[in-house]
Student: 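Okay, here's the structure, questions in a sec.
Throughout, numbering of the chain's residues begins at 1 and tracks the sequence.
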Amino acid sequence: MPLRLIFMGTPDFAVPTLLELVAHEHDIAAVYTRAPKPGGRGMKLQPSPVEREARRLGLAVLTPSSLKTSQAEADFRAHLADAAVVVAYGMILPQAILDTLPLGCFNLHGSLLPRWRGAAPIERAIMAGDAETGVMVMKMDAGLDTGDVAMTERIGISDAMTAADLRDALAPLGANLMGRAMGVLEREGLKLTPQSDQGTTYAAKIEKTETRIDWNRPAHTVLRHIHALSPFPGAWCEIEIEGEASRTKILRCETADDAGAPGDLLDDRLTVACKDGAIRILELQRAGKAPMKASEFLRGKPLKPPMRLT
């Protein structure tokens with residue numbers, strides 16, 4: 001028999017998993033997501049990607065501000081669900097909520113646990129220079145991403161990958177993994193393995209203070225920093241354009257076989273020196289402007305040495 005599930009998720013990353021569960025004909029008792037937030041022109045309230053998709057599918061949507069009240073617990077219990085699936089929901093599930101589910105609550109996490117427990121596993125894996133990452137289906141407990149693991153899929157991280165690229169690759173991979181996990185759970189055959197005590201790292205939330213580019217670091221470190229924060233919140237520097245310092249996000253780059261003083265512009269192709277080596281900017285975004293390719297930017301604002309990016 002198909003499972004009766006509660007789905008909990010918010011961003012685009014979670015949508016493929018919701019669609020996968022629906023395609024497997026599980027009974028989605030309710031969809032929990034974060035409440036609409038102001039955005040766009042006029043700052044009108046914008047529903048989350050998961051809410052938009054759930055309403056298109058005719059599913060019941062709930063947007064509670066907290067799950068820690070007795071009423072929230074009663075409402076959750078009233079769905080009479082077998083299990084819950086959580087994908088980037090954005091709220092902590094208290095133990096009382098977890099205890100309402102006969103088969104448990106299963107989280108899709110974007111790392112190879114116990115590496116990168118926490119809020120920003122995709123960004124931190126890129127920033128740290130990891131060669132691979134993956135997705136895991138984990139049975140949730142009261143800890144921070146400490147639950148037993150049911151299934152895993154791995155994927156390589158190339159130097160060309162931005163956070164958006166990696167997230168786009170992991171979303172369908174994770175959806176397929178969760179679909180398979182729920183199928184095995186339905187047949188009462190899902191095996192759980194405790195996480196290793198070795199290799200634990202924490203993926204702290206990205207802070208604004210770490211978004212400025214430091215050209216005094218090696219080129220590969222600078223590249224990974226830029227790609228980890230692309231497109232949001234964006235790694236940035238200041239470029240002097242028409243006599244004024246312009247705050248500019250660097251969205252995509254590649255390493256280059258050049259050298260110079262850190263921050264110096266080395267040629268007319270947006271090659272910038274780092275402590276060791278250099279990077280060539282491929283895509284950027286000035287404040288208040290749309291993203292653009294470096295070639296397009298240089299047609300309108302040709303830059304050449306001597307110049308320093310700060």
Side-chain angles (χ1 to χ4, degrees), residues 11 39 110-111 116 118-130 133 157-168 201-298 300-310:
S111 81
W116 303 127
I122 292 173
E123 293 85 351
R124 295 299 178 188
I126 295 175
M127 200 178 294
D130 290 3
T133 187
I157 305 176
S158 73
D159 284 341
M161 275 184 164
T162 66
D165 296 334
L166 185 52
R167 191 173 289 108
D168 287 347
T201 55
Y202 290 92
K205 180 181 177 182
I206 302 295
E207 300 292 342
K208 290 182 179 180
T209 53
E210 57 185 316
T211 57
R212 188 163 192 163
I213 297 169
D214 182 0
W215 302 108
N216 287 293
R217 297 197 290 178
H220 185 258
T221 303
V222 172
L223 176 145
R224 283 297 192 116
H225 176 243
I226 287 169
H227 286 174
L229 303 183
S230 177
F232 182 84
W236 63 278
C237 63
E238 289 187 340
I239 302 176
E240 186 174 318
I241 300 174
E242 296 175 349
E244 294 187 2
S246 173
R247 178 167 169 154
T248 304
K249 291 182 182 180
I250 311 303
L251 302 178
R252 199 178 292 272
C253 62
E254 63 185 8
T255 54
D257 293 327
D258 290 284
D264 276 3
L265 187 67
L266 300 177
D267 56 25
D268 60 359
R269 299 172 57 200
L270 287 181
T271 304
V272 187
C274 303
K275 179 181 178 181
D276 294 313
I279 62 122
R280 181 168 294 115
I281 297 170
L282 302 177
E283 189 175 345
L284 68 168
Q285 182 179 15
R286 294 178 63 190
K289 305 291 185 180
M292 62 177 64
K293 302 292 185 184
S295 56
E296 179 185 357
F297 170 83
L298 289 170
K301 306 289 181 184
L303 302 178
K304 57 185 179 180
M307 175 180 284
R308 173 165 291 186
L309 281 63
T310 60

Student: Determine, stepwise, if the pair Leu284 / Ile250 fulfils side chain to side chain contact (heavy atoms under 4.5 Å, CB included).
Tutor: CA-CA 4 Å; Leu284 68 168; Ile250 311 303; 4.2 Å; yes
Student: What's the separation between atom CG in Asp264 and atom SG in Cys274, rounded to the nearest 0.5 Å?
Tutor: 11.0 Å
Student: Which pairs with one or both residues in residues 271-283 pass side-chain hydrogen bond (donor to acceptor under 3.5 Å, both in side chains), sequence neighbours excluded?
Tutor: Asp267-Thr271, Thr271-Arg280
Student: To the closest 0.5 Å, what do you measure between CG (Asp168) and CD1 (Ile122)?
Tutor: 9.0 Å
Student: Hey, does Val272 have a side-chain heavy atom less than 4.5 Å from the side chain of Leu270?
Tutor: no
Student: State the CG-CG distance between Asp130 and Leu166, to the nearest 0.5 angstrom.
Tutor: 10.0 Å
Student: Indicate the atoms forming the closest heavy-atom contact of Ala219 with Gly277, along with that distance.
Tutor: CB-C, 3.9 Å
Student: Could you check if a side-chain atom of His225 sits within less than 4.5 angstrom of a side-chain atom of Met127, using non-hydrogen atoms only?
Tutor: yes
Student: Between Asp214 (side chain) and Asn216 (backbone), is there a donor-acceptor pair under 3.5 Å?
Tutor: yes
Student: Measure the SG-CZ distance between Cys237 and Arg247 for me, rounded to the nearest 0.5 Å.
Tutor: 10.0 Å
Student: Counting only heavy atoms not in Arg308 (residues, nucleotides, ligands), do more than 12 fall under 6.0 Å from its CZ?
Tutor: yes
Student: Taking all atoms of both residues into account, what is the closest heavy-atom pair of Thr255 and Leu223, and its distance?
Tutor: N-CD1, 3.7 Å
Student: Before giving the answer on salt bridge (Lys or Arg N to Asp or Glu O under 4.0 Å), spell out for Lys205 and Glu210 the whole-Å C-alpha distance, their side-chain angles and the decisive distance to 0.1 Å.
Tutor: CA-CA 11 Å; Lys205 180 181 177 182; Glu210 57 185 316; over 6 Å; no
Student: Tell me which pairs pass side-chain hydrogen bond (donor to acceptor under 3.5 Å, both in side chains) where either residue lies in residues 233-245, with sequence neighbours left out.
Tutor: Thr211-Trp236, Glu242-Lys301
Student: Backbone N or O of Ser230 within a donor-acceptor pair of the Lys249 side chain at under 3.5 Å?
Tutor: no
Student: For a quick test of reading the model, state the closest non-hydrogen atom pair linking Ser246 to Ile241 and the distance between them.
Tutor: CB-CD1, 3.9 Å
Student: Is a side-chain donor or acceptor of Arg286 paired with a backbone partner of Thr248 at a separation under 3.5 angstrom?
Tutor: no
Student: Donor-acceptor check, side chain of Ser111 to backbone of Trp116, threshold 3.5 angstrom: yes or no?
Tutor: yes
Student: I need the Thr162 OG1 to Ile126 CD1 distance, nearest 0.5 Å.
Tutor: 6.5 Å
Student: To the nearest 0.5 Å, tell me how far Leu229 CG sits from Arg224 CZ.
Tutor: 12.5 Å
Student: With the side chain counted from C-beta on, respond yes when Leu303 and Phe297 share a heavy-atom pair under 4.5 Å apart, and no when they do not.
Tutor: yes
Student: Please report the closest heavy-atom contact between Val222 and Arg217, naming both atoms and the distance.
Tutor: CG2-O, 3.7 Å
Student: Between His227 (side chain) and Cys253 (backbone), is there a donor-acceptor pair under 3.5 Å?
Tutor: yes
Student: Might you point out which heavy atoms bring Ala204 and Ala120 nearest each other, and give the distance in Å?
Tutor: O-CB, 3.6 Å
Student: What are the two closest non-hydrogen atoms of Ile226 and Arg252, and how far apart are they?
Tutor: CG2-N, 4.3 Å
